[in-house]
Peer 1: 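Structure in structure tokens, see below.
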Amino acid sequence: MHGVRPRRAPEWSRVTLRQALTGNHILGRIKVGGVVQRDGKGRALTPFPEVLDLPTVVELRKILEPSPDARKRTGRKTLSYGVCLDGNPRQGAPVDGAAGGGE
């Protein structure tokens, strides 16, 4: 097995990986109409267990934020940075274990 593949694409892209790792769903939250649902005290509802904690997601959002010159890029590039759960980027780390080292 070569890891989990995205549902609608042949491989992970920078955008799909960022969306998967930094969305509210990874924190166990739900959105309706693009708005995070909140309880009576204003806290985000979390009907599902979180996969990553809030500090980790905040760091991932910083690391995976698109660069200001991202629109200038042309052509499709595969992901060149892996991200460990401790939030430290590793250049050239295989995402699915298929390219050198890994499982």
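Note: hydrogens, waters and symmetry copies are ignored here, and every other heavy atom, side chains too, is used.
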Peer 1: If you round to the nearest 0.5 Å, how far is CD of Q19 from CH2 of W12?
Peer 2: 9.5 Å

Peer 1: Return a table of donor-acceptor pairs under 3.5 angstrom between the side chains of residues 28-38 and protein atoms on other chains or two or more places apart.
Peer 2:
unit_1 : atom_1 : unit_2 : atom_2 : d
R29    : NH1    : N24    : OD1    : 3.4
Q37    : NE2    : V35    : O      : 3.0
R38    : NH1    : G42    : O      : 3.0

Peer 1: Taking salt bridge (Lys or Arg N to Asp or Glu O under 4.0 Å) as the definition, give me every residue that meets it alongside K62, ordered by chain and number, with sequence neighbours left out.
Peer 2: E59

Peer 1: Group every Ile, Leu, Val, Met, Phe, Trp and Tyr by side-chain heavy-atom contacts under 4.5 Å, then state whether V58 and L60 land in the same group.
Peer 2: yes

Peer 1: Can you get from V51 to L21 by hopping between Ile, Leu, Val, Met, Phe, Trp and Tyr side chains that sit under 4.5 Å apart?
Peer 2: yes

Peer 1: Report yes or no: does T56 contribute a side-chain atom to a donor-acceptor pair with the main-chain N or O of L52 at less than 3.5 Å?
Peer 2: no

Peer 1: Tell me, which pairs form a side chain to side chain donor-acceptor pair (under 3.5 Å) where one or both residues lie in residues 40-49, sequence neighbours left out?
Peer 2: D39-R43

Peer 1: Where do T22 and L64 come nearest, in terms of heavy atoms and distance?
Peer 2: CG2-CD1, 4.3 Å

